[in-house]
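Counting starts at 1 for both ligands and their atoms, in listed order.
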Amino acid sequence: MKKVYLDYAATAPTDPQVLDAMQPYFFEKFGNASSLHAYGQEAKKAIEDSRQVMAEFIGASADEIVFTSGGTESDNYALLGSAYALEKKGNHIITTAIEHHAISEPAKFLEKRGFKVTYLKVDKDGLVSPRDLKEAITDKTILVSVMHANNEIGTIQPVAELGRIAREKGICFHTDAVQTVGHIPVNVDELNVDLLSLSAHKFYGPKGVGALYVRKGVRLETFMRGGDQEKGRRASTHNTTGIVGLAKAVQLSRKSMDEEMRFQSALRDRLIREIPAKIPEVRLNGHPVLRLPNNVNFSIKYIEGESILLNLDLAGIACSTGSACTSSSLEPSHVLLAIGLDHGTAHGSLRITLGRWTKESDIDYLLEKLPPIVQKLRAMSPLYEKD
Ligand code: PLP
């Protein structure tokens, strides 16, 4: 059976060139970067070279990069580290209603411990309003965290403008750039950010490694305590293989980003045109223009996203839905509710995300398989009125 992977926002395969770059660091060059002997120094050099590559890619300097275990750790570090470093200054944090759980869960945790959190609303396309941010800031605000692009609906936020507003008030600004680094240009100065999270597995690097950019002078309470790795900012033996893989993924993205953006956005736009032409009563979720080149998200009315997903899976196609009924909840995605969808429409969402190995023929295949699946499921749906 043909197999088509269209869930790149969840994770991407590791590029074989990344794997080749990592390989020597498992056996021949396995040293602990904290050791003083030649093995250790060899690993240390690989890490520092990788730090330089990572920093240059986002317009930072090497000593502003802290390697972490991925997006979740970077987000937790940014939020908890800022909150505890700045609690004497104030106890108010501003974020949005559409952040990834790696931000919203630590935010909730901080609320239980006496911090106040404002969750900015978004408009129907998923955009945060700079005016809302201005109005939410108080003299107790210590941190603003707004994601660069949303992982479900692909909307890209006006981070440069939001960052400028925070900076004018002397407030630290964090962005979760897990879905953008490696996919669209990201520069910490142009975006006016002080903290930025990224994760290797979203751009063809290995899973379990990422980084937090920390602008010089920004105060963060250490989150992982133990050894003095990362200049005391993140204890634990360095994940040399992962860090080398992250840097190789950066080098590959730097080379191919323009071409991939062009190709993927053409395929994305084809899906955005052809899905509504082939399937009645669908709604595009996310901003029509300010969106990731690889993201398509539709609500397909009267049916459940999960049923579509399972039927696509039987046809060999892997996508995702915002209606996943996790074991603990039947709630549809908080992102889809935040852009104003009712529960029914939110439950019928389908996210299609493209990547380095997506071919035109994969899109042909999806466009061939999806309409009859929707037709079949709608025919069984008590909600669907046939004329
Ligand atoms: N933030 C966003 C926007 C994401 O999409 C993800 C992953 O899905 C994360 C954070 C978490 O990243 P990681 O899987 O590296 O922990």
*asked:* Suppose we measure from atom 5 (O) of ligand 1 to each protein heavy atom; which comes out shortest, and what is that distance?
replied: Gln179 NE2, 2.8 Å
*asked:* Heavy-atom distances under 4.0 Å decide this one: backbone, side chain, both or neither, for Asp75 against ligand 1?
replied: side chain
*Should Arg234 and Glu73 be marked as a salt bridge (charged side-chain N to carboxylate O under 4.0 Å, His left out) after you check the CA-CA gap, both sets of side-chain angles, and the distance that decides it?*
CA-CA 10 Å; Arg234 201 266 184 188; Glu73 183 186 327; 2.7 Å; yes
*Nearest protein heavy atom to atom 14 (O) of ligand 1, by residue and atom, and its distance?*
His201 NE2, 2.9 Å
*Under 4.0 Å from any heavy atom of Gly70, which atoms of ligand 1 are there?*
15 (O)
*Using the ring of each side chain (for Trp, its six-membered ring), is His334 parallel, tilted or perpendicular to His101, with breaks at 30° and 60°?*
tilted
_Give the atom numbers and elements of ligand 1 that come within less than 4.0 Å of a heavy atom of Met147._
3 (C)
*Do Thr241 and Asn239 have side-chain atoms, one donor and one acceptor, less than 3.5 Å apart?*
yes
*Is ligand 1 less than 4.0 angstrom away from at least one heavy atom of Glu99?*
no
*When the ring planes of Tyr8 and Trp357 are compared, do they come out parallel, tilted or perpendicular, using 30° and 60° as the limits?*
parallel
_Check against salt bridge (charged side-chain N to carboxylate O under 4.0 Å, His left out), Asp189 and Arg215_ = CA-CA 10 Å; Asp189 287 338; Arg215 187 176 289 280; 3.0 Å; yes
*Any idea which part of Asp176 is under 4.0 Å from ligand 1, heavy-atom wise: side chain, backbone, both or neither?*
side chain
*Report the C-alpha separation of Asp15 and Arg356 in whole Å, then their side-chain angles, then the decisive distance to 0.1 Å, and conclude whether the side chain to side chain contact (heavy atoms under 4.5 Å, CB included) test is met.*
CA-CA 9 Å; Asp15 193 297; Arg356 186 164 287 166; 2.9 Å; yes
_Any Glu73 heavy atom less than 4.0 Å to ligand 1_ = no
*Does Phe223 have Arg225 sitting over its ring (NZ/CZ under 6.0 Å from centre, angle to axis within 45°)?*
no
*Can you tell me which residue and heavy atom of the protein come closest to atom 4 (C) of ligand 1, and the distance to 0.1 Å?*
His100 CD2, 3.3 Å
*Heavy atom under 4.0 Å from ligand 1: found in Lys202's side chain, backbone, both, or neither?*
side chain
*Look at atom 11 (C) of ligand 1 and say which protein heavy atom is nearest, naming residue and atom and giving the distance to 0.1 Å.*
Thr72 OG1, 3.4 Å
*asked:* For atom 15 (O) of ligand 1, what's the nearest protein heavy-atom neighbour? Residue, atom name and distance, please.
replied: Ser199 OG, 2.6 Å
_Distance from atom 12 (O) of ligand 1 to nearest protein heavy atom, with residue and atom_ = Gly71 CA, 3.4 Å
_Pairs of nitrogen or oxygen atoms closer than 3.5 Å, one from Ala10 and one from ligand 1: do any exist?_
no
*Within the 6.0 Å centroid threshold, strictly below: Phe30 and Tyr39*: yes
*Quick one: do the Ser74 and Thr68 side chains pair a donor with an acceptor below 3.5 Å?*
yes
